[in-house]
A.B. asks: 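For reference, the structure I am asking about is given below.
Order of the sequence lines sets the chain letters (A, B, ...), proteins ahead of strands, with each chain counted from 1.
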Amino acid sequence: MKRTHHCGDIRKTEVGQEVIVCGWVSRRRDHGGLIFVDLRDRSGYVQVVYDEAAMNEGTFHKAESLRSEFVIGVRGKVRARSEETVNPKMETGDIEIVCTELRILNKAKTPPFYIQDGIDVDEKVRLKYRYLDLRRPEMQKNIMLRHRVAKVMRDYFDRNGFLEIETPMLCKSTPEGARDFLVPSRVNPGQFYALPQSPQIFKQILQVAGFEKYFQIVRCFRDEDLRADRQPEFTQLDIEMSFISQEDILTMMEGMIKELFQKSIGVDVPTPFERMDWDTAMDKYGSDKPDLRFDMPLMDISEYVKGSEFKVFNAVIESGGMVKCIKVDGYADIPRRRLDDLVKFVQIYGAKGLAWIQYSEEGIKSPFKKFYSDETFAKIAEATGAKTGDLLLVVADKRLVVDTALGQLRLEMGKERGLIDPDALRFLWVVDFPMYEWSDEEKRWKAMHHPFTAPRDEDIEYLLSDPGRVKANAYDMVLNGVEIGGGSLRIYNAELQEKVFESLGLTPEQAHQKFGFMMDAFQYGTPPHGGLAFGLDRLVMIMAKCDSIRDVIAFPKNQSARDVMSEAPSEVDEKQLRELSIRVSAPKKKDKNENKDN
RNA sequence: GGCCCGGUAGUUCAGUCGGUUUAGAAUGCCGCCCUGUCACGGCGGAGAUCAUGGGUUCAAGUCCCAUCCGGGUCGCCA
């Protein structure tokens with residue numbers, strides 16, 4: 001019984017033909033002498049009819065035994081449905097297959113949840129039975145889209161002269177950056193590989209090796225805590241090019257994105273993308289990845305509120321901080337309760353509090369009303385464009401806290417007030433990133449991007465004397481407030497690279513121990529080069545309109561970094577550990593699943 | 001590591017102030033009936049370690065403590 005058609009592909013053109021289809025029983029409607037089965041394969045659904053009066057008894061009897069998710073093969077004739085029985089909700093709703101032969105290829109246990117779109121089931125159940133979850137059409141679509149995305153990317157880069165080159169999964173552990181996943185080496189007792197956080201160094205060395213244009217769709221690993229958009233292993237589209245300017249890279253990537261959206265979801269993305277420097281992004285949107293699907297910029301009102309009796313604002317301004325606000329149109333009647341919630345909300349991001357001005361019909365309401373004149377409130381209204389009915393939410397603190405808290409509050413208000421068009425795609429390049437950021441925890445400057453990023457030429461003199469003012473030739477691609485890619489022009493001069501290591505607090509010995517092979521390579525004729533990497537999971541997540549990258553990864557980990565289907569990670573045999581010269585100090589874990597299910 | 005939310009039939013939920021409940025509903029499942037359904041319909045039935053452990057109480061799904069599990073988030077993520 002060899003399949004001739006896919007379920008979802010059959011149309012009126014096949015009417016009269018004998019077809020053989022295979023798939024899973026999605027729904028069975030048993031009317032006694034007449035049974036309908038919606039048969040599903042990866043292409044979609046088709047209705048199969050079993051008519052007691054018109055078929056042999058054994059076959060009909062078999063049809064009566066069908067249950068959800070049985071795997072069957074059906075031979076039958078395609079028939080046009082009568083006008084009253086056409087189902088416009090189904091792609092194949094014009095036709096049905098009248099079964100003449102039924103083969104039950106496999107029975108199935110009753111699944112723990114419905115195999116259909118839009119289910120509301122605890123994610124742990126979905127992940128445990130991932131093979132059933134993935135059987136749902138919307139998940140199938142996501143995985144198919146992901147395939148399509150990778151395919152378009154490969155075609156684009158191939159056509160533009162790029163080579164896909166694989167790099168090692170077993171690498172040297174490097175300082176800086178995320179925590180490494182370590183892999184013990186059996187043949188080198190006591191020594192460890194690290195799984196790559198990205199192929200960064202290898203792709204640069206491939207430039208030294210003269211490949212000029214490299215790309216790779218590659219798995220990366222970072223042992224950090226998980227989020228809706230962060231998995232310990234994730235996929236990057238990794239790119240590096242020689243003899244190019246920043247402009248060349250941005251243009252090449254815009255072309256790739258344009259083609260990608262056109263060919264995989266049929267959306268036209270206008271190019272070139274908007275550009276914004278990092279300082280502006282932080283100042284205006286309180287984020288290095290602004291969501292431009294709505295406006296609501298942060299506005300500085302320090303000059304209007306300084307020098308008053310209101311100690312909170314004064315103290316902040318005098319110590320070099322600032323008072324900024326966002327304007328929420330038509331929300332002057334925000335419930336007091338909600339304001340209390342928002343105070344807590346900004347505190348998450350380090351703000352000590354939140355103030356507000358309600359320009360309501362009954363007049364101005366504000367916790368600091370008594371400290372300021374009506375004129376001051378009028379001036380603030382003028383400066384911010386606030387009209388009667390509008391709400392200003394105000395945060396006072398040092399710059400980074402104000403920007404972060406208000407930036408997050410802006411997003412919260414954007415969602416709450418329905419200002420975000422769910423179909424909008426707003427691309428943006430954020431450029432001119434700072435080279436360093438200060439780590440309070442480690443009391444030192446850390447590379448904001450990574451230590452191979454080239455500082456702007458005019459800032460090189462400040463690398464050691466004033467790292468905070470150095471800007472880098474680094475850029476991020478942002479889509480709808482999500483960082484989907486980032487990269488930089490690289491340092492290609494060994495001395496400059498050493499200087500940057502020094503600025504990061506690495507001694508020449510440490511630098512040499514960790515990156516010596518790279519520094520060596522750089523002495524043998526390194527071309528100017530640069531590149532970037534995209535987060536493939538995040539990109540597909542947005543294209544598929546999902547809220548979590550778990551929905552576009554076939555077998556993701558849960559928030560505790562566990563695969564609940566295969567139950568990884570797990571303890572291993574003493575023998576394995578002995579071979580690796582490893583002794584485990586962690587207490588034995590009880591089997592987490594011993595008191596659960598079956 | 002911190003904060004927030006959650007855990008009750010296979011699934012999704014309800015369960016008030018601790019007591020009239022034998023812990024309900026929907027859906028799924030099982031059986032019988034049903035020839036034009038497409039979320040088919042009708043009748044009947046089975047199905048619960050109320051996450052786990054301890055405590056308070058005459059009495060705990062409900063209150064308290066601890067633990068486990070899940071999700072979101074801050075820190076973290078070059």
A.B. asks: What does nucleotides 29-35 of chain B look like as a protein-contact string, B for base, S for sugar-phosphate only, - for none, at under 4.0 angstrom between heavy atoms?
C.D. replies: SSS--BB
A.B. asks: Please give the distance between the C1' atoms of B/rG7 and B/rG53 as a whole number of Å.
C.D. replies: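 Approximately 16 Å lies between the C1' atom of B/rG7 and that of B/rG53.
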A.B. asks: Would you say A/Gln559 places a side-chain N or O within less than 4.0 Å of OP1 or OP2 belonging to B/rG72?
C.D. replies: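 For B/rG72, OP1 or OP2 has a side-chain N or O of A/Gln559 closer than 4.0 Å.
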A.B. asks: Say we look at B/rC43 and B/rA48: how far apart would their P atoms be, to the nearest angstrom?
C.D. replies: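 These two P atoms come out 24 Å apart once rounded.
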A.B. asks: Quick check: does any side chain N or O of A/Asp122 sit under 3.5 Å from a backbone N or O of A/Val125, one acting as donor and the other as acceptor?
C.D. replies: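 No, the answer is negative, given that no donor and acceptor are paired below the 3.5 Å cut-off.
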A.B. asks: Kindly indicate whether a cation-pi arrangement holds for A/Arg469 with A/Tyr462, taking the cut-offs as under 6.0 Å to the six-membered ring centre and within 45° of the axis.
C.D. replies: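 Yes, A/Arg469 and A/Tyr462 form such a contact.
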A.B. asks: Let me know the distance between CZ of A/Arg222 and C1' of B/rC77, rounded to the nearest Å.
C.D. replies: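 Distance check: A/Arg222 CZ to B/rC77 C1' gives 7 Å.
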A.B. asks: Does A/Arg179 offer a backbone N or O that forms a donor-acceptor pair with the side chain of A/Glu224 under 3.5 Å?
C.D. replies: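 Yes; judged by distance alone, with no hydrogens or angles, the pair exists.
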A.B. asks: Of the options A/Asn142, A/Asp537, A/Val540, which is the one that meets A/Asp551 in a side-chain contact (heavy atoms from CB on, under 4.5 Å)?
C.D. replies: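 Between A/Asp551 and the candidates, side-chain contact (heavy atoms from CB on, under 4.5 Å) is satisfied uniquely by A/Asn142.
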A.B. asks: Any strand counts, and the cut-off is 3.5 Å on both contacts for Watson-Crick or G-U wobble. Which nucleotide pairs with B/rA46?
C.D. replies: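 For B/rA46, the partner nucleotide comes out as none, under the 3.5 Å rule.
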A.B. asks: Whole angstroms only, please: what is the CG-P distance between A/Asn558 and B/rG70?
C.D. replies: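 In whole Å, B/rG70 P lies 5 Å from A/Asn558 CG.
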A.B. asks: Among A/Lys344, A/Arg337, A/Arg336, which residue satisfies the salt bridge (Lys or Arg N to Asp or Glu O under 4.0 Å) criterion with A/Asp340?
C.D. replies: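 Passing option: A/Arg336.
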A.B. asks: Hey, does the side-chain of A/Arg27 have a donor or acceptor N/O within less than 3.5 Å of a partner on the base of B/rG28?
C.D. replies: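 There is none.
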A.B. asks: Show your working on side chain to side chain donor-acceptor pair (under 3.5 Å) between A/Tyr285 and A/Asp403 and close with a plain yes or no.
C.D. replies: CA-CA 7 Å; A/Tyr285 299 102; A/Asp403 284 344; over 6 Å; no
A.B. asks: Just one of A/Arg27, A/Arg28, A/Arg29 clears the side chain to side chain donor-acceptor pair (under 3.5 Å) bar with A/Asp38, so which one?
C.D. replies: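 For A/Asp38, the side chain to side chain donor-acceptor pair (under 3.5 Å) check succeeds only for A/Arg29.
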A.B. asks: Closest nucleotide of RNA chain B for A/Met90 versus for A/His450: which of these residues is on the 5' side?
C.D. replies: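 With A/Met90 and A/His450 compared, the 5'-side residue is A/Met90.
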A.B. asks: Rounded to whole angstrom units, what separation is found between the CD atom of A/Gln231 and the P atom of B/rG71?
C.D. replies: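 From A/Gln231 CD to B/rG71 P: 10 Å.
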A.B. asks: Between protein and nucleotides 3-10 of chain B, map the contacts as a letter string: B base, S sugar-phosphate only, - none, heavy atoms under 4.0 Å, written 5' to 3'.
C.D. replies: -------S
A.B. asks: Rounding to an integer number of angstrom, what distance separates B/rU73 and B/rC13 when you compare their C1' atoms?
C.D. replies: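 The answer is 26 Å between these two C1' atoms.
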A.B. asks: Taking the same atom, P, in B/rG71 and in B/rU21, what whole-Å distance lies between them?
C.D. replies: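 Each nucleotide's P atom is 38 Å from the other's.
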A.B. asks: So does A/Lys446 get a side-chain nitrogen or oxygen closer than 4.0 Å to the phosphate oxygens (OP1/OP2) of B/rC77?
C.D. replies: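 Yes, because at least one side-chain N or O of A/Lys446 sits under 4.0 Å from OP1 or OP2 of B/rC77.
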A.B. asks: Just checking A/Tyr349: base, sugar-phosphate only, or nothing, at a heavy-atom cut-off of under 4.0 Å?
C.D. replies: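 Sugar-phosphate contact only.
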A.B. asks: According to the Watson-Crick and G-U wobble definitions, with both distances under 3.5 Å, which nucleotide is paired to B/rG6?
C.D. replies: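 With both distances under 3.5 Å, B/rG6 matches B/rC69.
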A.B. asks: Output the rounded distance in Å from CG (A/Leu411) to C1' (B/rU73).
C.D. replies: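 Rounding to the nearest Å, CG of A/Leu411 and C1' of B/rU73 are 14 Å apart.
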A.B. asks: For B/rU16 versus B/rG10, give the span between their C1' atoms, rounded off to a whole number of Å.
C.D. replies: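 To the nearest whole Å, 28 Å.
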A.B. asks: Would you say a side-chain N or O of A/Arg550 is under 4.0 Å from OP1 or OP2 of B/rG72?
C.D. replies: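 Affirmative; the distance criterion is met.
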A.B. asks: Under 3.5 Å for both donor-acceptor distances, Watson-Crick or wobble: does B/rC63 have a partner, and if so which one?
C.D. replies: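 Result: B/rG55.
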A.B. asks: Let me know the distance between CZ of A/Arg81 and P of B/rG36, rounded to the nearest Å.
C.D. replies: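 My rounded result for the distance is 14 Å.
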A.B. asks: So for A/Arg126 and B/rG71, does any side-chain atom that can act as donor or acceptor lie under 3.5 Å from a complementary atom in the base?
C.D. replies: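 When only heavy-atom distances are counted, A/Arg126 does not reach the base of B/rG71 through any donor-acceptor pair under 3.5 Å.
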A.B. asks: Mark yes or no for whether A/Arg562, through its side chain, and A/Lys557, through its backbone, hold a donor-acceptor pair below 3.5 Å.
C.D. replies: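 Absent.
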A.B. asks: When the ring planes of A/Tyr129 and A/Tyr131 are compared, do they come out parallel, tilted or perpendicular, using 30° and 60° as the limits?
C.D. replies: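 Because their plane-to-plane angle is over 60°, the rings of A/Tyr129 and A/Tyr131 count as perpendicular.
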A.B. asks: For a quick check, tell me whether the side chain of A/Glu224 and the base of B/rG75 share a donor-acceptor pair closer than 3.5 Å.
C.D. replies: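 For A/Glu224, whose side chain was compared with the base of B/rG75, there is no donor-acceptor pair (under 3.5 Å).
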A.B. asks: Identify which nucleotide among B/rU73, B/rG75, B/rC38 has an atom closest to any side-chain atom of A/Asp225, counting heavy atoms from C-beta outward.
C.D. replies: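 In terms of side-chain proximity for A/Asp225, the closest of B/rU73, B/rG75, B/rC38 is B/rG75.
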A.B. asks: A/Glu123 has an atom CD; how far is it from atom P of B/rG72, in whole Å?
C.D. replies: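 Value for this atom pair: 7 Å.
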A.B. asks: Step by step, would you call A/Ser198 with A/Gln236 a side chain to side chain donor-acceptor pair (under 3.5 Å)?
C.D. replies: CA-CA 8 Å; A/Ser198 82; A/Gln236 280 191 348; 4.7 Å; no
A.B. asks: Quick one: A/Lys344 NZ to B/rC74 C1', roughly how many Å, whole number?
C.D. replies: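 Value for this atom pair: 16 Å.
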A.B. asks: Measuring only the C1' atom in each nucleotide, how far is B/rC74 from B/rC17? A whole number of Å is fine.
C.D. replies: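 About 36 Å, rounded to a whole number of Å.
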A.B. asks: Which of parallel (below 30°), tilted (30 to 60°) and perpendicular (above 60°) describes A/Phe433 and A/Trp278?
C.D. replies: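 Because their plane-to-plane angle lies in the 30° to 60° range, the rings of A/Phe433 and A/Trp278 count as tilted.
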A.B. asks: Quick one: does any side-chain atom of A/Asp41 pair with a main-chain N or O of A/Ser43 as donor and acceptor, under 3.5 Å?
C.D. replies: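 A pair under 3.5 Å: yes.
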A.B. asks: Regarding A/Asn87, tell me which of base, sugar-phosphate or nothing describes its non-hydrogen contacts under 4.0 Å with the strands shown.
C.D. replies: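 Base contact.
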A.B. asks: At less than 4.0 Å, is any side-chain N or O atom of A/Arg29 found next to OP1 or OP2 of B/rC40? Yes or no.
C.D. replies: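 A/Arg29 to B/rC40 OP1/OP2: side-chain N or O found under 4.0 Å.
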A.B. asks: Regarding A/Arg538, tell me which of base, sugar-phosphate or nothing describes its non-hydrogen contacts under 4.0 Å with the strands shown.
C.D. replies: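 Here A/Arg538 touches no strand at all.
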A.B. asks: Of all the choices, B/rU73, B/rU37, B/rG70, which nucleotide is nearest to the side chain of A/Ala228 once you look at every atom?
C.D. replies: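 Selected nucleotide: B/rU73.
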A.B. asks: Distance check needed: B/rG75 C1' versus A/Arg179 CZ, whole Å only.
C.D. replies: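 After rounding, the reported distance stands at 11 Å.
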A.B. asks: May I ask which nucleotide in the shown strands pairs with B/rG24, Watson-Crick or G-U wobble, both distances under 3.5 Å?
C.D. replies: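 Paired with B/rG24, as far as the under-3.5 Å criterion goes, is B/rC13.
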